[in-house]
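Index from 1, following the sequence.
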Amino acid sequence: MALRNHSTIAEFILTGLSDNPHIQALLFVLFLVIYLLTVMGNLTMLLVIRTDSHLHTPMYFFLSNLSFLDLCFSSVTVPKLLKDLLSEKKTISVEGCLTQVFFVFITAGTEAFLLSMMAYDRYAAICHPLLYGQLMSTQLCVKLILASWGLASLNSVVIVLLAVNLDFCEAQTIHHYTCELPSLFPLSCSDVSINIDILICSILLHGLGTFLPVFFSYVRIVSTILSISSTTGRSKAFSTCSSHLIAVILFFGSGLIRYLMPTSGSSLDLLSSLQYSAVTPMLNPLIYSLKNMEVKAAVKRTLGKYLQYFK
């Protein structure tokens with residue numbers, strides 16, 4: 001992806017999270033720990049789901065894909081953030097910036113589709129338990145995953161093309177720790193009004209297209225749970241989808257705030273970006289392992305096997 005020749009800027013300067021060296025050192029330790037926990041937690045989920053036959057079901061097939069996406073999503077931004085926290089001058093090339101934008105959109109977009117599919121999976125399991133095997137066949141699950149990657153890739157290409165055709169003439173300071181389109185548009189000397197409209201339409205279509213199935217699935221799920229007569233039955237049914245509901249709130253809440261609210265360079269912009277790109281990928285494996293008895297049991301079985309192997 002080459003920018004037009006009359007764009008005069010070769011790189012952008014990132015303001016980062018702080019310009020205080022002591023605070024930067026503390027932030028480096030904090031985000032290094034977050035990233036290591038993200039990698040270890042999601043790799044553990046992938047290993048446990050792959051090796052434990054009890055977890056070879058549609059729900060955990062989707063969860064393993066979520067863990068893979070969280071690994072990718074976090075790796076798009078956090079390593080660069082760690083490098084910049086140790087650097088006096090925080091820069092990124094224009095091409096590198098657009099590449100980062102592309103991978104943020106493809107991983108976040110695929111994750112939005114995946115969370116929507118996981119909501120439908122919970123709907124099928126709770127509302128139609130006798131038909132669950134037919135509704136969530138292996139072939140359908142694989143097709144849904146491939147479709148989510150395909151649609152997210154198409155959306156990402158469209159989004160990046162909005163930025164590729166922009167001219168960046170003088171302003172080159174991004175008031176952020178990473179490259180995101182809402183922060184890039186104010187730096188352009190081109191007319192970005194159409195680009196902003198297309199971005200908003202894309203986010204709304206993608207966001208609503210993935211969030212509405214989640215919403216309607218949970219309307220049916222809640223209705224079904226409330227119709228269960230026993231308290232134990234209601235508690236068991238709710239526990240199977242509570243982890244997913246928390247993940248949905250964390251991801252969609254921070255993502256929509258970042259891309260639908262006007263960019264101001266404020267702490268809210270930074271916090272919402274950090275939430276969905278760094279914190280949520282770390283929390284997802286913790287949420288699913290701490291609140292899910294099957295995952296807890298599978299982790300114990302897997303650890304037991306490996307401990308016996310090394311004895």
Donor-acceptor pair, Thr280 side chain versus Gln275 backbone, under 3.5 Å?
yes

So, does His244 use its side chain to make a donor-acceptor pair with the main chain of Leu115 at under 3.5 Å?
yes

- Taking side chain as C-beta onward, heavy atoms only, is Thr91 less than 4.5 Å from Leu14? no

CD (Gln24) and CG (Leu27) are apart, to the nearest 0.5 Å, by 7.5 Å

Trp149 vs Leu69 side-chain heavy atoms within contact, under 4.5 Å
yes

* Does atom CG of Leu86 have more than 12 heavy-atom neighbours, drawn from other residues, nucleotides or ligands, at distances under 6.0 Å? -> yes

Joint hydrophobic cluster, Leu205 plus Phe105, side-chain heavy atoms closer than 4.5 Å
no

Report whether Val279 and Met40 are members of the same hydrophobic cluster (ILVMFWY, side-chain heavy atoms less than 4.5 Å apart, transitive linking).
yes

Rounding to 0.5 Å, atoms OG1 (Thr110) and CD1 (Ile106) come to a distance of 5.5 Å

Hydrophobic clustering (ILVMFWY, side-chain heavy atoms < 4.5 Å, transitive) - are Met282 and Leu30 grouped together?
yes

*Do Asn284 and Glu111 come within less than 4.5 Å of each other through their side chains, counting heavy atoms only?*
yes

Item checked: Within-4.5 Å side-chain heavy-atom neighbours: Ile174 and Thr15 -> no

- Are Tyr123 and Met118 close enough that some pair of their side-chain heavy atoms sits under 4.5 Å apart? no

| Any chain of hydrophobic side-chain contacts (each under 4.5 Å) joining Val101 to Ile200? | yes

By side chain to side chain contact (heavy atoms under 4.5 Å, CB included), Ser75 pairs with (sequence neighbours left out) Tyr35

By side chain to side chain contact (heavy atoms under 4.5 Å, CB included), Ser137 pairs with (sequence neighbours left out) Gln139, Leu140

Taking atom CG of Asp19 as the centre, report whether more than 12 heavy atoms of other residues, nucleotides or ligands fall under 6.0 Å from it.
-> no

Side chain to side chain contact (heavy atoms under 4.5 Å, CB included) filter on Ser277, not counting sequence neighbours, yields Phe73, Thr77, Tyr177

Would you say that Leu274 contacts Leu17 through its side chain, given a criterion of any heavy-atom pair below 4.5 Å between the two side chains? yes

Quiz prompt | Trace of the side-chain contact (heavy atoms from CB on, under 4.5 Å) decision for Lys80 with Thr178 | solution = CA-CA 8 Å; Lys80 170 63 175 168; Thr178 188; over 6 Å; no

ask   = Any donor-acceptor pair under 3.5 Å linking the side chain of Ser18 with the backbone of Asn20?
value = yes

When rounded to the nearest 0.5 Å, the distance separating CZ of Arg220 from OG1 of Thr224 is 6.0 Å

Is a side-chain N or O of Ser243 found less than 3.5 angstrom from the main chain of Tyr288, in a donor-acceptor match?
no

Q.
Using the rule given for side-chain contact (heavy atoms from CB on, under 4.5 Å), can you reason through Leu114 versus Ser148, listing the C-alpha separation, both sets of side-chain angles and the distance that settles it, and then say yes or no?
A. CA-CA 7 Å; Leu114 184 59; Ser148 67; 5.6 Å; no

| Under 4.5 Å between any side-chain heavy atoms of Phe61 and Ile145, yes or no? | yes

With a 3.5 Å distance limit and no angle check, can you tell me whether Gln172 reaches the backbone of Ile13 through a side-chain donor-acceptor pair? no

Item checked: Joint hydrophobic cluster, Leu204 plus Val158, side-chain heavy atoms closer than 4.5 Å -> no

Taking every heavy atom of Thr210 against every heavy atom of Gly207, the minimum-distance pair comes out as OG1-O, 3.1 Å

Heavy atoms of Gly109 and His206 approach each other most closely as O-NE2, 3.2 Å

- CA sep, side-chain torsions, deciding dist, call: Val94, Phe12, side-chain contact (heavy atoms from CB on, under 4.5 Å): CA-CA 6 Å; Val94 175; Phe12 294 112; 3.8 Å; yes

message: Are there over 12 heavy-atom neighbours, none belonging to Phe103, within less than 6.0 Å of that residue's CZ?
response: no

message = Looking at Asn42 and Thr38, would you say the former's side chain and the latter's main chain have a donor-acceptor pair under 3.5 Å?
response = yes

Rounding to 0.5 Å, atoms OG (Ser217) and CG (Asp121) come to a distance of 10.0 Å

Go through Leu66 and Phe62 one step at a time and tell me if the side-chain contact (heavy atoms from CB on, under 4.5 Å) criterion holds. CA-CA 6 Å; Leu66 179 64; Phe62 289 134; over 6 Å; no

Interatomic distance, CG@Leu32 vs CG@Leu82, rounded to 0.5 Å, equals 6.0 Å

Check your understanding: So, does His176 use its side chain to make a donor-acceptor pair with the main chain of Ser273 at under 3.5 Å?
Key -> no

Got Leu135 and Tyr132 here, is their nearest side-chain heavy-atom distance under 4.5 Å? no

Interatomic distance, CE@Met59 vs CE@Met136, rounded to 0.5 Å, equals 11.5 Å

Tightest non-hydrogen contact, residues Met45 and Ser67, listed as CB-OG, 3.4 Å

Thr107 and Val104 have their tightest heavy-atom pair at OG1-O, 3.2 Å

Of all heavy-atom pairs linking Tyr218 and Ala119, the shortest is CE1-CB, 4.2 Å

Note: Phe113 and Ala152 closest approach over all heavy atoms is CE1-N, 4.0 Å

